A.B. asks: 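Following this message is one structure expressed as structure tokens.
Reckoned from all heavy atoms, side chains included, excluding hydrogens, waters and symmetry mates. In what follows, every chain begins at residue 1, and chains take the letters A, B, ... in the order their sequences are listed. Predicted model only: the values in this text are computed from it and were never measured.
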Amino acid sequence: MKIPISWLKEYVDFEATPEELAQRLTFSGVEVEGIHRIGEGLDGLIVGEIVRFEKHPDADKLRLCVVHDGRMELQVVCGATNFSSGDKAAFAPIGAKLPNGMEISKRKVRGIESHGMLCAEDELGVSQDHGGILLVGRDVPAGTSLVDVLGLPEVVLELEITWNRSDCLSVIGMAREVAALYGTALRLPDVAFPESGAAVAELARVAIEAPERCLRYTARVLTGLKAGPSPAWMQRRLKLSGVRPISNIVDVTNYVMLECGQPLHAFDHALVAGRQIIVRRARAGEGMTTLDGVARTLSDEMLVIADGQKPVALAGVMGGAGSEIREATQDVLLESASFDAPGTHRTSVALGLASESSHRFERGVDPELADWASRRAAALIVQTAGGAAARGVVDVYPGKAAARRVTCRFARVRALLGIDVAVEEICRIFEALELHVESRNAEGCTVRVPSFRRDVEIEADLIEEIARMHGLEQVPEAPIRATMGAGVDDSRTWAMMRLRERLIGLGLREILNYSFMAEKQLDRLGGDDAARRLVLPNPVSSDYAIMRPTLLAQMVLTLGNNMSRQTADAGFFELGRVFWRDTATGALGEEDRLAIGMMGRVGRSQIEGRRAVTPEDTFLGLKGILEILCRAQTGQDLHMEPAEHGIMEPGWCVSILAGTTRLGTAGLLRRALREEWRISDPVGVAELAVEPLLQAAARKRSFETIPAYPAITHDVALIVPEAVTHEAIVATIRAAAPLELTDVTLFDIFRGNTVGDGRKSLAYSLVYRSGDRTLTDDEANRFDGAIRQALKQHLHAEIREG
Amino acid sequence: MNAAEIDSLTAQAVAEAGAAGTADAVEAVRIRYLGRKGLLPQIMAGLKDATGQERGAIGRSANAFKTQVTAAVDARLAALRGAIQQGPVFDYTRPGAWRGPGSMHPVSLVIAEAVRIFARMGFRVAEGPDIETPYNNFEALNTPDYHPSLDTTDTFWLGVGAAGLAAPPYQASQLLRTQTSPVQIRMMQSHPPPIRIITPGRCYRRDTTDATHSANFHQIEGLYVDRQVSLADLKGTLASFAREMMGSGVGVRFRPHFFPFTEPSVEVDFSCHVCAGKGCRVCKHSGWIEIAGAGMVDPRVFGKVGYDAEAWTGFAFGMGVERIAMIKYGIPDIRLLYENDARFLAQFE
């Protein structure tokens with residue numbers, strides 16, 4: 001909200017610079033977001049008379065003007081059309097400087113010299129208006145300093161009014177705050193005006209059919225008005241407040257709204273059928289065209305102002321086009337009413353239509369204000385548009401509420417704020433804010449809450465008033481208390497942190513992606529059940545249309561993006577949430593997952609950097625990470641089973657199990673997908689459930705005796721067909737070995753001529769150890785024999801001797 | 001071997017040890033004189049056969065042989081180890097072979113640090129789901145259904161059943177939480193006071209993405225309910241956090257504000273950690289940076305969770321993780337946090 005300080009000063013006295021005032025307001029609850037100085041830097045500018053003009057010979061949209069600057073006639077090119085010969089306008093002669101820093105020099109516009117510039121309001125920094133040049137009265141002599149004419153400069157405060165303080169959405173509301181802060185009195189304007197002729201009740205009838213939505217409706221009728229422009233002082237204040245002047249009657253309604261916060265509406269009384277106002281819910285499907293020219297279809301949740309036949313306004317939101325003030329308007333029905341906040345808000349949201357009026361009503365407008373504002377507006381209309389006001393007012397007031405009383409216990413002030421505020425100070429603050437202290441004793445006081453303070457409902461609200469007026473800088477920093485909180489179990493959070501740190505320790509970089517993703521991105525990856533997707537009803541864009549059901553799509557995207565930024569070697573992980581809709585029940589679900597992605601020479605020594613990365617390298621690199629993770633986080637060995645996944649290369653895709661618990665899927669990204677990103681090296685990806693990986697936190701650890709007797713290490717080398725897996729060999733060895741076999745480690749794989757096509761040679765070291773004695777070589781040899789025999793028998797292995 | 005012969009052998013061995021050029025050569029001397037098949041066993045054998053006076057002399061010489069030759073061998077080995085090695089020198093400036101530069105995402109870094117700081121102050125950590133009910137996210141937090149934060153322009157409503165979004169009010173619809181405050185509601189519903197928790201987590205608001213806005217972002221909120229908790233406790237807690245998070249010279253100030261769920265409500269500024277409050281580009285020349293929203297829990301919120309507002313008071317606060325990360329690390333654009341460029345992530349190793 002924008003408030004010119006000069007307007008504020010009409011209602012309250014204070015001695016402070018704009019900066020000091022801004023500081024006081026900001027630290028008492030109304031944040032000043034900006035201090036705008038309007039009309040500064042206009043020193044060299046004058047009033048020029050447009051003596052005559054013609055069309056620019058080479059440009060349809062430009063005019064060639066002859067401007068008299070008080071001394072001589074000058075040729076000036078101008079793009080505006082809002083003037084006629086003899087008008088006086090803001091003129092920047094050569095050498096003058098505009099507030100935006102632009103210096104005026106002689107220059108050619110489409111081939112014709114221009115000796116100065118006729119200026120629009122935005123160029124002068126007095127408003128955002130660029131609709132035409134700024135015209136002043138024809139009676140102002142040419143050559144007069146512009147500053148003298150405009151009465152500038154002005155300082156305008158831009159305020160952020162919090163949602164609860166609708167009473168501050170006006171100049172008077174802010175003046176009341178300033179008066180309380182500076183200890184001065186609030187001055188309200190006189191609202192007396194002459195009444196004559198018929199009584200309003202004879203000219204208009206008002207019925208409220210929806211009293212739950214309309215707390216009060218007042219109507220006055222003004223007759224014999226003459227439409228025209230509003231006075232310059234009013235137009236200036238409207239513009240400084242960001243409202244466009246239209247005509248005297250409409251401008252008065254806007255002016256009074258800005259002044260006191262009560263939205264008003266003026267109907268052309270001749271266009272109100274039956275001279276009758278009915279406040280009712282719209283009928284479902286009923287239509288009306290609002291002032292902005294849009295035809296709207298209404299629902300029965302919306303409140304309308306109807307005449308004898310049809311809706312003429314959308315209550316509290318916008319007037320109807322059919323009854324708006326025209327140039328020919330003579331009689332006006334002036335509405336000053338109070339509509340309920342929730343209803344106004346819902347109507348505004350449902351229609352996507354917000355206005356200065358709806359902005360105020362949906363935050364709450366004091367019903368007590370309606371009559372004062374109506375009088376104020378009637379007085380100003382009579383003043384600016386002539387005519388006469390009919391006698392009295394029609395005032396239907398079903399929502400009148402008794403004054404609220406709230407008690408404040410002084411001990412509670414101390415309890416909530418942590419400071420002692422003297423009782424006298426507390427009462428002074430209340431009185432300054434018009435919270436009249438009706439009674440008080442040693443324990444506390446009871447105040448009567450004025451109708452405009454709709455936000456003050458309970459004791460804590462009163463204590464907030466004390467806090468903001470007394471000063472929050474008074475609140476000290478208390479030392480941290482040693483009491484412990486209730487037993488909220490946070491072990492999972494800490495387990496997550498340890499998991500994250502372990503992944504980082506393994507050499508992976510953590511990434512974070514949005515929870516949203518594009519549907520087409522998922523479609524391209526394929527493999528998911530489209531019915532399970534949680535599609536957002538109101539996404540910010542199609543790129544963020546659904547809640548991600550997997551982390552893998554974005555992991556691939558991240559690897560690809562990095563590839564295109566010349567990072568070819570990367571190892572990433574993400575701990576994030578995935579979402580779905582249960583296809584059977586429609587219930588929404590979410591869970592945490594872990595995704596890992598790696599490409600290129602990640603993990604490998606630089607010195608080996610040039611060696612090509614094979615699919616085996618990437619798969620086994622990923623597997624190594626998964627093995628460590630699995631053992632450390634679950635206490636179980638990693639196990640893999642062949643699997644299929646939409647984005648993974650067949651034959652290079654496995655299910656990951658910790659013991660018998662299924663963790664997820666891992667494998668190499670399909671070649672076609674990585675080639676889309678021009679990634680030449682294999683890409684390893686995995687997605688795992690997080691919950692099983694958090695078991696490490698709960699896992700019991702217990703000591704086992706460290707072996708006291710030495711181990712004997714023997715090697716066995718064997719040649720088997722390619723199809724025989726490492727896992728099968730180990731299983732065979734284990735099955736044939738005695739308890740004394742503690743470790744089986746694969747230390748060499750060899751393929752080549754000496755081994756033969758389709759075969760491979762593997763070498764294992766076998767470690768034997770007894771818990772109660774030193775083993776002899778003979779014993780170890782016996783163990784070897786049994787193992788060799790089993791390998792030959794079950795796997796048809798050829799044992800290599802020596 | 002008589003004593004004189006032993007003494008001369010001693011001199012000879014000491015000289016040989018001293019002349020040895022390599023560790024291997026020293027080892028050869030040691031084996032020749034002191035080894036199991038070397039001269040020392042012979043000398044000791046001779047001692048057995050000696051008699052009387054001679055035996056005493058030989059014994060002394062033998063002892064001297066053992067100690068002096070051992071000392072000479074050890075001294076030479078030590079000298080050789082200390083000397084610059086001849087031949088090819090190991091180049092320890094080569095790159096290390098272990099390649100695994102992991103890094104924590106700056107958002108996680110800020111959360112981890114904040115959680116540790118608050119944990120030391122006695123806060124437990126609580127987390128909750130991203131998909132919430134309007135009750136937990138708004139109603140229980142004293143936010144009426146006509147508050148603009150409920151609008152479809154602000155909140156991601158998830159629709160009613162499979163049918164999508166009905167007209168407002170959306171009470172039947174779930175939503176993506178707009179704050180982590182619903183976790184406070186969940187915790188207060190399940191735990192009697194006193195309670196002291198912080199709630200980090202991901203939140204969602206329908207902001208159009210720009211340099212400072214992101215439709216999903218992270219928050220850390222705190223809640224402390226106990227006997228006689230006041231605004232001064234809130235200030236002390238946040239001041240302590242400010243010092244640990246941003247630097248020991250950083251202070252806090254409160255400005256009055258409004259939130260539906262706290263009364264009184266304040267906005268919390270930290271003094272600028274870059275210019276120490278003098279005014280610079282980071283703090284837009286004000287000396288202060290807005291960090292958090294906070295206040296005393298509204299008694300109506302206590303009413304919703306069954307806490308006795310007469311017996312207990314409490315404070316709550318909330319702050320944006322991305323914003324703190326940007327301020328703390330000087331990150332100019334929030335989108336950098338979600339682009340996952342390895343060159344960016346590497347800066348947080």
A.B. asks: Under the side-chain contact (heavy atoms from CB on, under 4.5 Å) criterion, do B:Phe348 and A:Glu510 qualify, and how do the steps go?
C.D. replies: CA-CA 10 Å; B:Phe348 300 92; A:Glu510 188 185 16; over 6 Å; no
A.B. asks: Within the 4.5 Å heavy-atom criterion, are A:Ile480 and B:Arg120 side-chain neighbours or not?
C.D. replies: no
A.B. asks: Considering only heavy atoms, which portion of A:Glu362 lies under 4.5 Å from any heavy atom of chain B: side chain, backbone, both, or neither?
C.D. replies: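 For A:Glu362, backbone heavy atoms alone lie under 4.5 Å from chain B.
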A.B. asks: Quick check on B:Thr237 against chain A: is it the side chain, the backbone, both or neither that has a heavy atom closer than 4.5 Å?
C.D. replies: both
A.B. asks: Between A:Arg414, A:Arg565, A:Glu574, which shows the greatest number of heavy-atom pairs under 4.5 Å with chain B?
C.D. replies: A:Arg565
A.B. asks: Please report the interatomic distance CG(A:Asn513) to CG(B:Asn216), rounded to the nearest 0.5 Å.
C.D. replies: 9.5 Å
A.B. asks: Under the ring-ring contact (aromatic ring centres under 6.0 Å, His included) test, which residues partner B:His257, sequence neighbours left out?
C.D. replies: B:Phe259
A.B. asks: Which atom pair, heavy atoms only, marks the closest approach of B:Arg227 to A:Arg481?
C.D. replies: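 Distance-wise, the nearest heavy atoms are O-NH1, 2.9 Å.
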A.B. asks: Considering only heavy atoms and a distance below 4.5 Å, find which of A:Ser348, A:Gly589, A:Gly343, A:Pro539 pairs most often with chain B.
C.D. replies: A:Pro539
A.B. asks: Under a 4.5 Å cut-off applied to non-hydrogen side-chain atoms, are A:Glu477 and B:Val252 in contact?
C.D. replies: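 In contact.
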A.B. asks: Mind jotting down which residue pairs meet the salt bridge (Lys or Arg N to Asp or Glu O under 4.0 Å) criterion with at least one end in residues 103-113 of chain B? Sequence neighbours excluded, please.
C.D. replies: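 Applying salt bridge (Lys or Arg N to Asp or Glu O under 4.0 Å) to every pair that reaches into residues 103-113 of chain B, excluding sequence neighbours, yields B:Glu113-B:Lys328.
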A.B. asks: Tell me, side chain or backbone of A:Arg409 under 4.5 Å from chain B's heavy atoms, or both, or neither?
C.D. replies: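 Contact with chain B: side chain only.
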A.B. asks: So A:His345 and B:Asp151, do their side chains get closer than 4.5 Å, heavy atoms only?
C.D. replies: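 A side-chain contact under 4.5 Å exists here.
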A.B. asks: For the candidates A:Gly505, A:Gly471, A:Ala460, A:Ser515, which exhibits the highest count of non-hydrogen atom pairs separated by less than 4.5 Å from chain B?
C.D. replies: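 The option with the most such pairs is A:Ser515.
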A.B. asks: Which one wins on heavy-atom pair count under 4.5 Å against chain B: A:Arg492, A:Arg500, A:Glu501?
C.D. replies: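 Greatest number of close heavy-atom pairs with chain B: A:Arg500.
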A.B. asks: Pick one of side chain, backbone, both or neither for A:Arg412, based on which atoms fall under 4.5 Å of a heavy atom in chain B.
C.D. replies: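 Side chain of A:Arg412 only, per the 4.5 Å heavy-atom cut-off to chain B.
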A.B. asks: Count the heavy-atom pairs under 4.5 Å between each of A:Thr162, A:Thr26, A:Leu417, A:Thr567 and chain B, then report the option with the highest count.
C.D. replies: A:Leu417
A.B. asks: For B:Pro260, is it the side chain, the backbone, both or neither that has a heavy atom under 4.5 Å from a heavy atom of chain A?
C.D. replies: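 Neither; nothing under 4.5 Å.
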A.B. asks: Within a reach of under 6.0 Å around CD of A:Glu473, are more than 12 heavy atoms found that belong to other residues, nucleotides or ligands?
C.D. replies: yes
A.B. asks: Mind listing the closest non-hydrogen atom pair of B:Arg255 and A:Leu472 along with its distance?
C.D. replies: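 Shortest heavy-atom contact: C-CD1, 3.6 Å.
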A.B. asks: On the 0 to 90° scale, with breaks at 30° and 60°, tag the A:Trp163-B:Tyr146 ring pair as parallel, tilted or perpendicular.
C.D. replies: tilted
A.B. asks: Within this structure, what is the CG-CG distance for the pair A:Leu588 and B:Asp130, rounded to the nearest 0.5 Å?
C.D. replies: 12.0 Å
A.B. asks: Measuring heavy-atom distances to chain B, does A:Asn562 have an atom under 4.5 Å in its side chain, in its backbone, in both, or in neither?
C.D. replies: side chain
A.B. asks: Give the minimum heavy-atom separation between A:Gly29 and B:Pro256, together with the two atoms involved.
C.D. replies: N-CG, 3.5 Å
A.B. asks: For the side-chain contact (heavy atoms from CB on, under 4.5 Å) test, which of A:Glu457, A:Glu459, A:Glu464 pairs with B:Glu263?
C.D. replies: A:Glu464
A.B. asks: Can you measure from CD1 (A:Ile511) to CG (B:Asp341) and round to the nearest 0.5 angstrom?
C.D. replies: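 So the CD1 of A:Ile511 and the CG of B:Asp341 are separated by 11.5 Å.
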A.B. asks: Please check: side-chain N/O of A:Asn538 versus main-chain N/O of B:Thr155, any donor-acceptor pairing under 3.5 Å?
C.D. replies: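 Present.
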A.B. asks: Within this structure, what is the CG-CZ distance for the pair A:Asp489 and B:Arg124, rounded to the nearest 0.5 Å?
C.D. replies: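 Rounded to the nearest 0.5 Å, the CG-CZ separation comes out at 7.0 Å.
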A.B. asks: For A:Leu536, is it the side chain, the backbone, both, or neither that has a heavy atom closer than 4.5 Å to a heavy atom of chain B?
C.D. replies: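 The answer is the side chain of A:Leu536.
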A.B. asks: Which residue out of B:Ser265, B:Gly314, B:Ala239, B:Ser108 racks up the most heavy-atom pairs below 4.5 Å with chain A?
C.D. replies: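 Most heavy-atom pairs within the cutoff with chain A belong to B:Ser108.
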A.B. asks: A:Ile458 versus B:Arg300: any side-chain heavy-atom pair under 4.5 Å?
C.D. replies: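 They are in side-chain contact.
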A.B. asks: Using a 4.5 angstrom heavy-atom cutoff, name the option from B:Glu310, B:His105, B:Glu127, B:Met104 with the most pairs to chain A.
C.D. replies: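 Between B:Glu310, B:His105, B:Glu127, B:Met104, the count favours B:His105.
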A.B. asks: Between B:Tyr204 and chain A, which part of the residue has a heavy atom less than 4.5 Å away: side chain, backbone, both or neither?
C.D. replies: side chain
A.B. asks: Tell me, with the steps shown, if A:Val540 and B:Thr209 meet side-chain contact (heavy atoms from CB on, under 4.5 Å).
C.D. replies: CA-CA 9 Å; A:Val540 280; B:Thr209 304; 5.8 Å; no
A.B. asks: Considering only heavy atoms, which portion of B:Val225 lies under 4.5 Å from any heavy atom of chain A: side chain, backbone, both, or neither?
C.D. replies: neither
A.B. asks: In Å and rounded to the nearest 0.5 Å, what is the CG to CG distance from B:Leu176 to A:Leu534?
C.D. replies: 7.0 Å
A.B. asks: Does any heavy atom of chain B fall under 4.5 Å from the side chain of A:Pro476, the backbone, both, or neither of them?
C.D. replies: both
A.B. asks: Which heavy atom of B:Gly128 sits nearest a heavy atom of A:Arg577, and at what distance?
C.D. replies: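 What the structure gives for the nearest pair is O-NH1, 2.9 Å.
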A.B. asks: Using 30° and 60° as the class limits, which term best fits the ring planes of B:Tyr338 and A:Tyr514: parallel, tilted or perpendicular?
C.D. replies: parallel
A.B. asks: Could you tell me if the side chain of A:Met547 sits less than 4.5 Å from the side chain of B:Phe156, heavy atoms only?
C.D. replies: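 They are not in side-chain contact.
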A.B. asks: Which atoms form the tightest heavy-atom contact between B:Ser103 and A:Phe573, and what is the distance?
C.D. replies: O-CE2, 4.5 Å
A.B. asks: Could you tell me which portion of A:Ala415 (side chain, backbone, both or neither) has an atom closer than 4.5 angstrom to a non-hydrogen atom of chain B?
C.D. replies: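 Both parts, heavy atoms under 4.5 Å.
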A.B. asks: Quick one: does A:Phe572's side chain get under 4.5 Å of B:Asn340's, heavy atoms only?
C.D. replies: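 They are not in contact (no side-chain heavy atoms under 4.5 Å apart), so the answer is no.
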A.B. asks: If you count heavy-atom pairs under 4.5 Å with chain A, which of B:Pro129, B:Ser240, B:Ala112 comes out on top?
C.D. replies: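 Most pairs with chain A among the choices: B:Pro129.
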A.B. asks: Looking only at heavy atoms, which two atoms of A:Arg509 and B:Leu345 are closest? And how far apart?
C.D. replies: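 Answer, listing the atom of A:Arg509 first, then B:Leu345: CD-CB, 3.9 Å.
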A.B. asks: For the candidates B:Met187, B:Glu349, B:Arg202, which exhibits the highest count of non-hydrogen atom pairs separated by less than 4.5 Å from chain A?
C.D. replies: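 Ranked by heavy-atom pairs under 4.5 Å with chain A, first place is B:Arg202.
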A.B. asks: Let me know if A:Glu591 has heavy atoms under 4.5 Å from chain B in its side chain, its backbone, both or neither.
C.D. replies: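 Contact with chain B: none, neither part.
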A.B. asks: Please look at A:Gln554 and chain B and tell me whether the side chain, the backbone, both or neither of the residue comes under 4.5 angstrom of a heavy atom of that chain.
C.D. replies: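 Neither; nothing under 4.5 Å.
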A.B. asks: Quick one: which of B:Leu238, B:Asp233, B:Asp298, B:Thr153 has the most heavy-atom pairs under 4.5 Å with chain A, could you say?
C.D. replies: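 Among the listed options, the one with the most contacts to chain A is B:Asp233.
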A.B. asks: Tell me, out of B:Glu267, B:Lys235, B:Glu339, B:Arg343, who's got the most heavy-atom pairs with chain A below 4.5 Å.
C.D. replies: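 Among B:Glu267, B:Lys235, B:Glu339, B:Arg343, the one with the most close pairs to chain A is B:Lys235.
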A.B. asks: Taking side chain as everything from C-beta outward and backbone as N, CA, C, O, which of these in B:Ala119 sits under 4.5 Å from a heavy atom of chain A? Side chain, backbone, both or neither.
C.D. replies: side chain
A.B. asks: When only pairs under 4.5 Å are counted, which of A:Asn561, A:Thr558, A:Asp461, A:Ile463 shares the most heavy-atom pairs with chain B?
C.D. replies: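 The answer is A:Asp461.
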A.B. asks: For the CG atom of B:Leu337 and the CG atom of A:Leu512, what is their distance to the nearest 0.5 Å?
C.D. replies: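 The CG atom of A:Leu512 is 8.0 Å from CG of B:Leu337, to the nearest 0.5 Å.
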